[in-house]
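Take a look at the structure set out below.
Chain naming here is simple, since letters A, B, ... match the order of the sequence lines and numbering starts at 1 in each. All values below come from the heavy atoms of this structure, side chains included, with hydrogens, waters and symmetry mates left out.
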Amino acid sequence: MTRSNNRASGATGTAPPTSATAAAAAVFAAAKASTLDEARLLREALARVAHQSLRMQRQWKGGQYAEAVVAACDVAAELRVPVGVGSPSSTAEDTTAPARSGRLLSPRSYYDLYLAVLQALRVLETSLWSLLQSQPLSVLPFYEHAQHSPYVVARLYPLITVGSVYVRSRQAPAEDVLRDLLEMCAGVQHPERGLFLRAYLLQAMKDKLPDEGGEYAGSAQGSIAFLLRNFTEMNRLWVRMQRDCPAGERARREHERRQLQSLVGANVACLARLQALTVEMYRDTVLPQLTEQVLECQDVLAQECLMDCIVQAFPDALHVATLPHLLQTCAALRVGVDVRSVLTGLADRLGRFARADAAHHTLLREADALQTLLQWVPQVLDSQRAASALSDELQLYRALLGFLLVAFPEQRQHCDALLGLCAKAVSQRLPPPAPPPTSVDETEDVSPPAPTTTSELPPTRPDTPMSATRRRRPSGDGQAAAATPAPAADTDDPDVVPLLERILLLPLHHYTELEALASLAAYPTVMQLLPLENQRALAAEVLRRSLPPGSTGRGVAALPLLEALLGLVRPLLEQMPGEEVMYHRRTGVPYLAVDGELVRGYEAQQHLVAQIVYLLRTDDLRLFVRLRQALLSGGPARTRLTLPPLAFALLRLLRVYRARHGPAACDKLLEFVHQVLSDLADVDASTALRMHLQGAAAVDASELSDDRFLYEFMAHAYVLFEEEIADSRSQFSSLVLIVGTLGTLHRLDADNYESLASKAVKHASRLLTRADQCLALCACSTLFSDVGGGRWEASRALGCLERAARAARSSVAPAERALLLLDVLNRAMLILEELHERAPDTARDAAPNDVWDDFCRFTADTVDSVRDLLTRLEPDASGGKAAAARLARALAYLRDVRELHEGVFLRLHGGAA
Amino acid sequence: MNAALEVLGVSSPCVVSVELDAGEHRRVDARRRPIYAPAETVSGTVSVRVKSGRPLAHRGIQIECVGFIDGLRGRRHTRQELLSVGLRCEEADVIPAGEVRRYPFAFVDIDKPYDTYDGINVRLRYAVRVTVQRPQPYHPIVEECDLAVQQATPPPDLNPSIRMEVGIEDVLHIEFEYSHSNFHLKDVVIGKIYFLLVRVKIKRMEIEIRRRENVRGLHSELETVAKYEVMDGAPVRGESIPVRLFLAQYPTLTPTYRSVAGVFTVKYFLNLVMIDEDDRRYWKQHEVFLWRDAKDMA
């Protein structure tokens with residue numbers, strides 16, 4: 001004895017497991033043992049159910065009906081097994097109970113057992129029913145027999161089964177049977193067992209409830225009373241599951257209660273399915289009783305689930321009729337109940353209801369649904385403020401707004417109020433925003449214009465790799481940097497931002513009129529809660545929806561509306577802290593960048609901004625002035641894109657303006673255009689140059705007698721050309737444009753024209769390459785040959801061409817030389833022809849002979865030079881063939897109109913061949 | 001066994017059987033005894049069949065109708081005769097082997113004042129007894145045929161309901177109500193139990209039918225005839241639990257006997273028992289009176 005004790009203590013002492021692992025192992029083992037026990041318990045119970053069920057069927061076949069009913073009781077007796085959550089010690093049942101291990105079944109396992117029992121009871125039901133079909137028996141003895149079992153659970157299940165047959169056989173009024181069963185079910189006060197029992201009662205009876213148009217006689221009132229009572233009892237049992245719950249078990253218990261939630265909810269669903277349920281009945285009886293129960297139970301989980309269930313189960317029309325009551329109930333729910341999701345569900349349903357049918361609108365209106373909602377929702381929320389997440393609250397606002405917009409789109413003030421609530425909700429939940437970071441632009445070193453960053457262009461123009469330089473703008477850009485950072489970006493909840501976006505998109509979808517949107521004062525406030533990127537995307541969406549062709553709106557005709565619109569799209573207009581401007585190294589075009597990286601996609605948004613001007617359906621200049629001011633705050637990267645449309649719109653306005661307000665008023669407009677173009681000139685010289693030319697053309701076309709502005713625009717174009725265009729290619733193209741425009745202007749004073757034209761020639765001859773010089777001079781030659789414009793100065797045209805030819809001859813490459821000379825030749829032929837056609841008499845006779853001769857000789861010389869060049873060119877030189885072909889075409893043309901070009905042929909050294 | 005006894009020559013030489021009139025049409029009680037009304041005539045035929053091989057010499061055959069109360073007091077068996085009416089149907093004679101003799105009998109107007117009763121300590125029996133006296137040293141041959149006597153009583157004039165409020169202060173307070181205090185044997189006990197205060201975790205609640213058998217005031221025996229669970233789980237305040245107990249399912253129930261020949265009394269009680277989580281029992285017992293309704297006799 002002594003020895004064995006020693007051995008035992010030695011054994012425990014030799015390998016002591018560390019306490020932690022031992023504890024963990026013990027817990028694990030216990031958990032495993034518990035599940036194993038539970039599985040075994042269930043298995044045994046199922047086996048017994050199967051056995052008793054067989055016995056029942058055998059006895060039934062043998063005609064021992066009473067014994068069969070007793071056997072059914074034995075089957076149901078298996079449901080007496082202990083169920084629930086609790087310490088095993090407290091569940092010691094009496095010795096007759098089937099639980100031998102002292103363990104518990106979880107509700108899930110109990111449900112399996114329940115299903116097995118139900119299957120057996122179904123057999124009983126069908127057997128009894130077919131027996132009744134074949135023999136005129138009374139059900140009453142069966143009904144009594146079922147009550148002979150000494151155990152309450154065991155007798156109530158078969159009693160319900162027999163009771164359902166009793167109702168079906170119509171031997172007793174359904175109402176009486178229902179009442180009796182309902183009363184008897186009170187015998188089971190155990191939460192889980194009672195819940196399942198009553199669930200079975202409901203399941204067995206739900207198709208046998210007397211109803212309007214139903215097959216069982218009786219009043220629907222009785223059915224309603226039955227369902228309400230059953231609901232009440234089930235709810236009480238359900239709530240009781242939570243009672244006396246130790247703190248550690250709470251979560252698990254709640255989980256299990258949630259699993260059983262549908263059992264309770266089935267009553268409500270069944271109520272909702274009753275045909276006889278009228279609005280009056282619902283309002284006066286059903287809902288008050290339901291809500292009374294909900295409020296009475298004081299249980300968070302139950303209140304949450306049941307309110308949701310009520311909202312989802314009953315038809316919308318009933319909700320509309322009882323909205324105040326429902327909301328009042330919501331406000332009275334306990335703190336901690338997720339009332340928002342309930343309200344969200346309600347608002348969503350009402351929204352769908354309103355959308356489904358136009359008739360529903362009037363119904364909603366009559367019920368004053370909106371007023372009620374708006375009156376109650378803040379109260380409800382106030383009662384629950386501390387308890388739930390921001391995203392839930394926003395979800396609610398989203399649903400409400402959706403409903404509001406569908407059902408009462410004209411009630412904009414309410415929509416605005418809701419948005420205000422949203423903003424309040426968000427700002428209340430968030431810490432005060434940090435002070436805005438100082439702008440990068442202001443702290444940056446002024447000096448280095450050298451390229452610091454190289455990056456790809458946005459994908460809109462993928463073919464031109466660009467190197468950009470950062471350079472500090474002198475002023476204006478940093479002003480907008482004071483905008484507050486988006487507070488919503490600070491929250492941890494990932495749902496908040498998308499929800500806010502959805503909320504903000506809702507009015508966009510419903511209000512096609514810009515006025516409607518603009519009247520929502522809180523809209524921009526809510527918008528500012530978003531991160532900048534989202535704000536911009538949203539602002540772009542606003543524009544996309546209001547701009548033609550998407551828009552059906554009337555446009556913007558008044559200043560306040562424009563202000564509102566600008567407020568809405570402010571994130572797109574203004575430069576935000578951290579943003580900087582990078583200039584294209586070659587063209588000097590500004591782009592938007594953050595941290596040295598180009599901002600992708602901003603151009604597409606800015607194109608939308610640029611289109612705002614097309615919304616202006618007015619000739620009130622103040623609007624345009626305001627718009628310009630707004631656009632300027634965006635910095636050069638934006639104004640580059642947004643100012644040209646403004647200028648174009650103003651120029652288009654010019655004609656209308658002149659007709660309406662007279663030529664004098666046009667000065668103001670043109671001054672403004674000029675101002676806009678000077679703004680643009682700071683940003684993008686080459687575009688500004690072109691815009692000036694456009695301006696000139698527009699002024700010319702508007703038939704203003706005064707050429708002040710015409711000259712001004714042209715002069716500025718020249719200035720821009722001289723000061724800003726450094727690149728030789730753009731110099732050439734700009735000059736050609738200037739010359740082209742100048743040639744079309746008719747209203748310039750002769751002196752002004754002369755000075756501009758001679759300036760053009762001078763610039764042309766100063767271009768960088770010979771080829772450019774040659775071609776530009778050729779273009780200039782038309783400036784003096786415009787016969788119709790009365791600027792016939794053949795000698796100056798010839799002078800231009802001669803200089804062009806000289807430039808061409810200075811070109812080094814022979815093929816290029818030949819091609820350039822051919823250009824000159826073509827131009828000369830053109831002028832000759834023009835001289836001849838426009839004024840044949842003047843050309844041949846009245847004009848000084850020497851000029852005509854000079855032209856002819858010059859043309860002939862040019863032809864000779866080309867020929868000469870071509871003979872010296874190697875035949876397969878690349879340009880040679882083209883040049884030869886062009887020469888051949890030119891000569892062929894000369895021959896075609898030989899009488900005209902007689903003078904030329906006479907002077908050709910090589911003849912006309 | 002019989003064959004063995006026969007070889008030894010000690011087995012009964014004849015077979016005595018009692019056949020009651022209309023035996024197969026008569027109602028029988030739980031022990032399958034034919035039931036007679038108190039004043040009903042008991043008639044029938046006794047047949048004595050002498051086994052082949054040996055004639056039976058007897059000293060007279062007597063048929064009696066007897067009634068008595070068997071009791072058990074301490075270890076002593078007591079018997080009190082209530083009734084003994086006899087008739088001698090044959091004087092001493094020798095019945096040849098293999099012969100069957102029949103003796104019809106009828107006990108008219110005998111009073112059987114008490115119901116048959118089978119209790120734990122006391123038993124009230126009626127029987128038709130046939131005694132074949134034999135010469136010494138043989139024991140007489142006795143054959144008994146048990147009868148059951150049941151009498152219907154008229155419904156009680158007053159049948160008040162039972163309503164009581166009981167409880168343990170600050171622990172449990174209930175009010176119960178039974179529809180009647182008198183029940184006939186096929187009756188249904190209908191009742192309700194209201195929980196006014198529940199501070200204990202009750203696991204279940206049962207109704208027990210208990211029978212108290214009191215033999216001449218000296219000792220009494222309490223026996224639980226039936227247990228019927230009426231509630232499963234713990235109720236809360238305000239709960240009302242229905243009771244519906246079909247007495248017909250307990251065939252051993254008898255009417256309440258206030259005094260049977262001054263020997264014993266039988267009383268019935270409904271006992272409401274609540275059992276809490278720690279298996280403590282809280283109970284309230286209340287006497288009910290059972291009676292036999294004439295309808296049950298039909």
Could you give me the CA-CA distance, side-chain angles and deciding distance for B/Arg204 and A/Tyr151, then say whether side-chain hydrogen bond (donor to acceptor under 3.5 Å, both in side chains) is met?
CA-CA 10 Å; B/Arg204 60 204 162 85; A/Tyr151 300 113; over 6 Å; no
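In this structure, B/Gln285 places its CD atom where more than 12 heavy-atom neighbours from other residues, nucleotides or ligands lie under 6.0 Å away. Atom NZ of B/Lys192 is surrounded by more than 12 heavy atoms from other residues, nucleotides or ligands within 6.0 Å. Heavy atoms of other residues, nucleotides or ligands lying less than 6.0 angstrom from CZ of B/Arg280 number more than 12. For A/Tyr111, the OH atom sits in a loose shell: 12 or fewer heavy atoms of surrounding residues, nucleotides or ligands are nearer than 6.0 Å. Environment of CZ in B/Arg33: crowded, with over 12 heavy atoms of neighbouring residues, nucleotides or ligands closer than 6.0 Å.
B/Phe246 CZ to A/His148 NE2: the interatomic distance, rounded to the nearest 0.5 Å, is 5.5 Å.
Heavy atoms closer than 4.5 Å to chain A are found in both the backbone and the side chain of B/Val236.
Comparing A/His145, A/Arg236, A/Gln189 by heavy-atom pairs within less than 4.5 Å of chain B, the highest count is held by A/Gln189. Chain A forms more heavy-atom pairs under 4.5 Å with one residue of B/Lys227, B/Gln249, B/Lys201 than with any other, namely B/Gln249. In terms of heavy-atom pairs under 4.5 angstrom with chain B, the leader among A/Leu156, A/Val152, A/Leu237 is A/Val152.
Put simply, the side chain of B/Glu229 does not reach to within 4.5 Å of the side chain of A/Pro150, judged on heavy atoms.
Using a 4.5 Å heavy-atom cut-off against chain A, no residue of residues 161-173 of chain B qualifies as contacting.
Closest of all the heavy-atom pairs between A/Ala186 and B/Ser240 is CB-O, 3.8 Å.
One finds no salt bridge joining A/Glu144 and B/Arg244 here, because no Lys/Arg side-chain nitrogen approaches an Asp/Glu carboxylate oxygen to under 4.0 Å. A salt bridge between B/Asp232 and A/Arg193 is present, with a side-chain N of the basic residue lying under 4.0 Å from a carboxylate O of the acidic one.
With sequence neighbours excluded, no residue satisfies salt bridge (charged side-chain N to carboxylate O under 4.0 Å, His left out) with B/Lys284.
In this structure a side-chain-to-backbone donor-acceptor pair under 3.5 Å is missing from A/Arg240 to B/Pro235.
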